[in-house]
Amino acid sequence: MTTRRRDWPILTGLILLSAVPTFGSALRVVALSGGAEVTPANERFFDAPVPVLLHIAAAVTFSLLGALQFAPGFRQRHRAWHRRAGRVLVGCGLMVAATGWWMNATYPLPPGDGPLLMVLRYLFAGGMFVAIATGFVAIRRRRLHQHRAWMMRGYAIGQGAGTQAVLLSTWALAVGPTTQLSRAVLMGASWTLNLLVAEWLIRRRHPAPTTATRPTTLAAAG
């Protein structure tokens, strides 16, 4: 299979994983801009729309544009674009994590959420911020293997919403409505599952660290 043909399974999978949260985000923006009915589930967004709108814009860009960074054929054919897009994606990823903390700290808990889920959101948002910041520092120091690994971890956490949509909908069909505990466990399991897949891919590839090669991976300093 050629490098270009290998891109399609990667791109298709990542874009499909992003599809449900992207669609949900679009509906949220329409609701906030179109004067939708205020309910207990969404009133926090109407009271303070700035963090959620920033979060949506950054998350959609990060998940969809980021998918191209992990397609090896596209990355090799468009190295300059890859570096420029990487800088944008670092900013978006840090914004996703920061606004996640912001909303978690300032928004009241909606119906169905609980303290455990709040703690998990703090942990994984913090982990995403650290992963992306570490990846950026690594590429500035020309540590390509470390850069690639940390950016994969950050992207895996950022894609948690897609996996959560799959697990939560599967649970609803198989078991029924979630409780505070089961919702928190499923949300945490989604982030963890994504990280486990990322770690498996990192170790499976086992690229040799180098400091001499020209940076061509996600968020290259250029």
## Note on the structure
Minimal heavy-atom distance between A184 and L120, with the atoms involved, is O-CD1, 3.3 Å

### Task
Go through the steps to decide whether T39 and N42 satisfy the test side chain to side chain contact (heavy atoms under 4.5 Å, CB included), and finish with yes or no.
CA-CA 5 Å; T39 68; N42 67 17; 3.3 Å; yes

### Query
Would a distance-only check, ignoring hydrogens and angles, find a side-chain to backbone donor-acceptor pair under 3.5 Å from S169 to V166?
yes

### Task
Search all heavy atoms of A133 against all heavy atoms of L94 and return the closest pair with its distance.
N-CD2, 4.1 Å

### Task
Please answer: with hydrophobic residues joined when any side-chain heavy atoms are less than 4.5 Å apart, are W150 and M152 in the same cluster?
no

### Residue pair P40 / P111: nearest heavy atoms and the distance that separates them
O-CD, 3.7 Å

### Task
Can you sort out the partners of T178 under side chain to side chain contact (heavy atoms under 4.5 Å, CB included), two or more places apart, ordered by chain and number?
L168, W171, S182, R183, L186

### Query
What closest approach, in Å, do I132 and G93 show between heavy atoms, and which atom pair accounts for it?
CD1-CA, 3.5 Å

### Task
Starting at CD of Q159, measure out to CE of M128 and round the result to the nearest 0.5 Å.
9.0 Å

### Message
For P110, is there any backbone N or O sitting under 3.5 Å from a side-chain donor or acceptor partner on D113?
### Response
no

### Task
Group every Ile, Leu, Val, Met, Phe, Trp and Tyr by side-chain heavy-atom contacts under 4.5 Å, then state whether V130 and M95 land in the same group.
no

### Task
Indicate yes or no: at least one non-hydrogen side-chain atom of T170 is less than 4.5 angstrom from one of L173.
no

### Summary
Sequence neighbours excluded, the answer for salt bridge (Lys or Arg N to Asp or Glu O under 4.0 Å) partners of R28 is none

### Task
With rounding to the nearest 0.5 Å, note down the distance linking CG in L196 to CG in L201.
11.0 Å

### Query
Linking Ile, Leu, Val, Met, Phe, Trp and Tyr through side-chain heavy atoms less than 4.5 Å apart, which residues share a cluster with Y122?
W101, L109, M118

### Task
Could you grab the distance from atom CZ of R87 to atom CD1 of I139, nearest 0.5 Å is fine?
10.5 Å

### Summary
For T163, the side chain to side chain contact (heavy atoms under 4.5 Å, CB included) test, sequence neighbours excluded, returns L17, L167, S190, L193, N194

### Query
Under a 4.5 Å side-chain heavy-atom rule over Ile, Leu, Val, Met, Phe, Trp and Tyr, are L123 and L195 clustered together?
no

### Query
Taking only residues two or more places apart in sequence, or in another chain, which ones meet W191 in a ring pair (Phe, Tyr, Trp, His ring centres under 6.0 Å)?
F124

For residues 52-62, dump all side-chain donor-acceptor pairs below 3.5 Å to protein atoms at least two apart in sequence or in another chain.
unit_1	atom_1	unit_2	atom_2	d
H55	ND1	V96	O	3.3
H55	ND1	T99	OG1	2.8
T61	OG1	A57	O	2.9

### Rounded distance (nearest 0.5 Å) linking atom CG of L64 with atom CG of L14
10.0 Å

### Under 3.5 Å donor-acceptor, Y155 side chain and G66 backbone
no

### Query
At what distance, to the nearest 0.5 angstrom, does CG of L117 lie from CE of M187?
5.0 Å

### Task
Give a yes or no answer on whether the side chain of Q180 reaches the backbone of G112 with a donor-acceptor pair at less than 3.5 Å.
no

### Query
What about M151 and W200, same hydrophobic cluster or not, with Ile/Leu/Val/Met/Phe/Trp/Tyr joined at side-chain heavy-atom distances under 4.5 Å?
yes

## Note on the structure
Correct closest heavy-atom pair for R44 and P108 would be CD-O, 3.6 Å

### Query
If you take all heavy atoms of A198 and A156, which pair is closest and at what distance?
CB-CB, 3.9 Å

#### Entry: F23-V29 co-clustered via ILVMFWY side chain contacts under 4.5 Å
no

### Task
Could you walk me through whether R141 and V137 pass side chain to side chain contact (heavy atoms under 4.5 Å, CB included), step by step?
CA-CA 6 Å; R141 296 176 177 176; V137 171; 3.7 Å; yes

### Query
CG of D47 to CZ of F45: how many Å apart, nearest 0.5 Å?
11.0 Å

